[in-house]
Amino acid sequence: YPFPLFVLSSLLPCLWLAVPGRPTPVADAIAPTGSTGWLDHDVMLLHSCDNKSRHIVGAGASFEARKRRVAASIGRPAACSEPGPGSRRVARQGLRQERTRGPSGPYSALRLILEGLRGNRGWLPAWHKAQPEARYEVVIVGAGGHGRATATALAREHGSCDVCALDKGPLGLGNVGRNTTIIRSNYFRPENVRFYDHSLKLWERLEQDLNFNAMVSQRGTLNLFHTEAQRDLFTRRANGMRLLGVDAEALGRAEVKAMVPLIDCDNGRFPVLGGFLQRRGGTVRHDAVAWGYARAASDAGVDIVEHCAVTGIRRGPDGAVTGVETEKGFIAARTVVLCGAGHSSVLADMAGLRLPIETHVLQAFVTESIKPVLDCVVTYGAGHFYVSQSDKGGRVFGGGLDGYNSFAQRGSLPMGEEVAAAGMTLMPGLARLRVLRSWGGGMDMTMDGSPIISKTPVPGLIFNGGWCYGGFK
């Protein structure tokens with residue numbers, strides 16, 4: 001019945017527009033000149049406490065007045081609407097409720113169709129670009145993947161609305177947008193296997209949790225071995241994963257060749273004897289993860305502040321953290337969380353804390369787009385080389401760390417040559433492709449390769465870092 005369905009889908013937006021008292025999107029026409037986000041609009045849509053009627057806070061109202069009206073609308077005492085930490089929490093809770101239920105609404109296929117029929121007039125920015133306030137309960141330094149995930153968890157699961165995440169540049173240009181997108185839990189030590197398999201389970205439901213297409217693709221991760229000693233080591237590794245309830249399959253040489261015909265199993269330098277496969281491993285779109293968490297954190301009431309580098313961490317007479325110095329001024333906070341990835345040691349040094357972390361550059365490459373020829377992630381056991389094919393068709397590959405400490409976001413030519421040589425040995429067909437671009441990211445490397453998520457000797461300072469490399473964690 002295609003024609004009746006077409007007529008019905010065409011009439012639904014018109015009927016929705018005609019409903020009295022419907023939510024009115026904040027149009028660009030009424031936004032002030034230079035507005036950068038949802039909070040900057042002159043007109044704000046707020047829910048009343050009974051969630052039946054809505055009130056408009058008009059242009060010219062001060063932020064304190066808006067906070068008092070939000071407090072009244074969600075039924076909080078008048079005392080909480082006065083300036084101070086209580087009023088900020090109340091205001092953010094009201095704004096969080098509005099962002100969750102507001103005009104932008106959840107993403108869905110039906111919503112996409114309806115917005116297309118009505119001229120896409122109902123979309124709002126996925127997240128608001130906030131300016132920092134003078135004080136927060138929690139300030140997160142580094143609004144990358146871990147920073148935004150931490151902020152989202154604080155707001156959603158712990159009810160902490162007074163949270164700010166600071167980033168020194170635009171969202172998504174740090175390590176969260178520079179990794180090679182591999183997700184896996186095929187580690188050796190039992191502690192790491194359990195930890196990263198829990199992470200893999202979180203990846204599996206990330207899109208439902210964020211209501212955002214993160215392009216999670218569990219295409220499988222294949223680790224190759226080239227000697228009998230490696231066969232024994234990889235067999236032990238796979239068996240250890242199975243004992244912990246994590247999937248792992250041993251593959252022989254013929255099975256590897258059937259799965260990835262491009263692999264040269266008979267190369268004279270490092271012949272491929274087999275491999276082990278984790279089918280739940282795969283890739284996820286790094287940019288989509290950055291955008292999805294930014295939207296979720298903003299909807300939960302978190303202020304995400306871009307282009308706001310931290311220049312110092314202030315401590316009180318008792319040694320406890322009192323806030324951070326930034327390019328936009330001092331921001332007071334009871335708790336400061338460091339999620340600076342490759343700049344972790346620099347940030348910790350601002351608080352007088354020395355970390356057992358070194359920063360090295362890890363570079364990656366992408367080729368021109370070709371037709372699908374590689375439907376899994378392949379890692380090379382004879383050298384540090386890994387390769388996958390993106391949804392756009394490019395081969396994404398990389399290798400090991402540069403051997404010197406650096407904060408640069410670019411790699412070196414010797415390591416590029418080593419990665420290219422390993423790729424040519426494993427897949428000679430790579431020689432026919434042109435490399436379009438390369439980039440680097442600062443890896444916060446711990447001495448034992450395990451991350452640190454902990455309180456620190458500095459009161460009020462929490463550290464999240466040392467994630468090293470070897471996967472999108």
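The residues of the chain are indexed from 1 along the displayed sequence.
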With side chain to side chain contact (heavy atoms under 4.5 Å, CB included) as the criterion, how do Val435 and Phe397 come out once you've worked through the C-alpha distance, each side chain's angles and the decisive distance to 0.1 Å? CA-CA 10 Å; Val435 175; Phe397 60 93; 4.2 Å; yes
Side chain to side chain contact (heavy atoms under 4.5 Å, CB included) between Phe330 and Thr311, intermediate numbers included: CA-CA 10 Å; Phe330 176 71; Thr311 58; over 6 Å; no
With side chain to side chain contact (heavy atoms under 4.5 Å, CB included) as the test, would you mind laying out the steps for Asp264 and Leu426 before giving the verdict? CA-CA 6 Å; Asp264 183 8; Leu426 181 64; over 6 Å; no
Qualifying side-chain hydrogen bond (donor to acceptor under 3.5 Å, both in side chains) pairs with a residue from residues 141-151, counting only residues at least two apart or across chains: none
Using a distance-only test with no angle check, is there a side-chain donor-acceptor pair under 3.5 angstrom linking [X] and [Y]?
{"X": "Ser298", "Y": "His128", "result": "yes"}
{"X": "His360", "Y": "Asp444", "result": "no"}
{"X": "Asn223", "Y": "Thr379", "result": "yes"}

N/O donor-acceptor pairs under 3.5 Å from side chains in residues 410-421, not counting sequence neighbours:
residue, atom, partner, partner atom, Å
Ser412, OG, Asp402, OD1, 3.1

The single option from Thr446, Leu355, Thr359 passing side chain to side chain contact (heavy atoms under 4.5 Å, CB included) against Ser344: Leu355
Among Thr456, Val458, Val336, find the one that has a side chain to side chain contact (heavy atoms under 4.5 Å, CB included) with Phe463. Thr456
Over 12 foreign heavy atoms within 6.0 Å of CZ, Arg189: no
Using 30° and 60° as the class limits, which term best fits the ring planes of Trp123 and Tyr107: parallel, tilted or perpendicular? perpendicular
Is the closest side-chain heavy-atom distance between [X] and [Y] below 4.5 Å?
{"X": "Asp318", "Y": "Pro459", "answer": "no"}
{"X": "Leu202", "Y": "His198", "answer": "yes"}
{"X": "Ile183", "Y": "Leu200", "answer": "yes"}
{"X": "Trp291", "Y": "Trp127", "answer": "yes"}
{"X": "Thr322", "Y": "Arg315", "answer": "no"}
{"X": "Leu244", "Y": "Pro190", "answer": "yes"}
{"X": "His286", "Y": "Phe472", "answer": "yes"}
{"X": "Val305", "Y": "Lys328", "answer": "yes"}

Qualifying residue for salt bridge (Lys or Arg N to Asp or Glu O under 4.0 Å) with Glu368, from Arg437, Arg434, Arg432, Arg395: Arg434
Hey, can you pull the donor-acceptor pairs under 3.5 Å for the side chains in residues 268-281, sequence neighbours left out?
residue, atom, partner, partner atom, Å
Gln278, OE1, Ser185, N, 3.0
Gln278, OE1, Asn186, N, 3.4
Gln278, NE2, Ser185, OG, 2.6
Arg279, NE, Glu249, OE1, 3.3
Arg279, NE, Glu249, OE2, 2.6
Arg279, NH2, Glu249, OE1, 3.3
Arg280, NE, Glu204, OE2, 3.0
Arg280, NH1, Asp197, OD1, 2.8
Arg280, NH1, Asp247, OD1, 3.1
Arg280, NH2, Asp197, OD1, 3.4
Arg280, NH2, Glu204, OE2, 3.4

Please determine if Arg295 and Asp209 form a salt bridge, counting it only when a charged side-chain N lies under 4.0 Å from a carboxylate O. no
Can you name the closest pair of heavy atoms from [X] and [Y] and give their distance?
{"X": "Ala214", "Y": "Leu206", "result": "CB-CD2, 4.1 Å"}
{"X": "Arg219", "Y": "Asp391", "result": "NH2-OD1, 3.6 Å"}
{"X": "Leu171", "Y": "Ala143", "result": "CD2-O, 3.9 Å"}
{"X": "Pro170", "Y": "Glu306", "result": "CA-OE1, 3.3 Å"}
{"X": "Leu251", "Y": "Met259", "result": "CD1-SD, 4.1 Å"}
{"X": "Ala332", "Y": "Val139", "result": "O-CG2, 4.5 Å"}

State whether the side chain of [X] and the backbone N or O of [Y] hold a donor-acceptor pair below 3.5 Å, judged by distance alone.
{"X": "Arg184", "Y": "Gly282", "answer": "no"}
{"X": "Lys455", "Y": "Leu461", "answer": "no"}
{"X": "Asn175", "Y": "Gly442", "answer": "yes"}

Separation between [atom1] of [X] and [atom2] of [Y], rounded to the nearest 0.5 Å:
{"X": "Thr326", "Y": "Ile331", "atom1": "OG1", "atom2": "CD1", "result": "4.5 Å"}
{"X": "Lys168", "Y": "Glu327", "atom1": "NZ", "atom2": "CD", "result": "10.0 Å"}
{"X": "Gln218", "Y": "Trp203", "atom1": "CD", "atom2": "CH2", "result": "11.5 Å"}
{"X": "Thr152", "Y": "Glu157", "atom1": "OG1", "atom2": "CD", "result": "9.5 Å"}
{"X": "Leu362", "Y": "Thr180", "atom1": "CG", "atom2": "OG1", "result": "7.0 Å"}
{"X": "Thr227", "Y": "Phe234", "atom1": "OG1", "atom2": "CZ", "result": "9.0 Å"}

Test ring pair (Phe, Tyr, Trp, His ring centres under 6.0 Å) on Phe407 and His343; report intermediate values, then the result. CA-CA 7 Å; Phe407 293 99; His343 286 79; 5.3 Å; yes
Give a yes or no on whether the ring-centroid distance for Trp439 and Phe365 is below 6.0 angstrom. no
I would like to know whether Val377 and Thr181 meet side chain to side chain contact (heavy atoms under 4.5 Å, CB included); could you show each step before the answer? CA-CA 10 Å; Val377 179; Thr181 74; over 6 Å; no
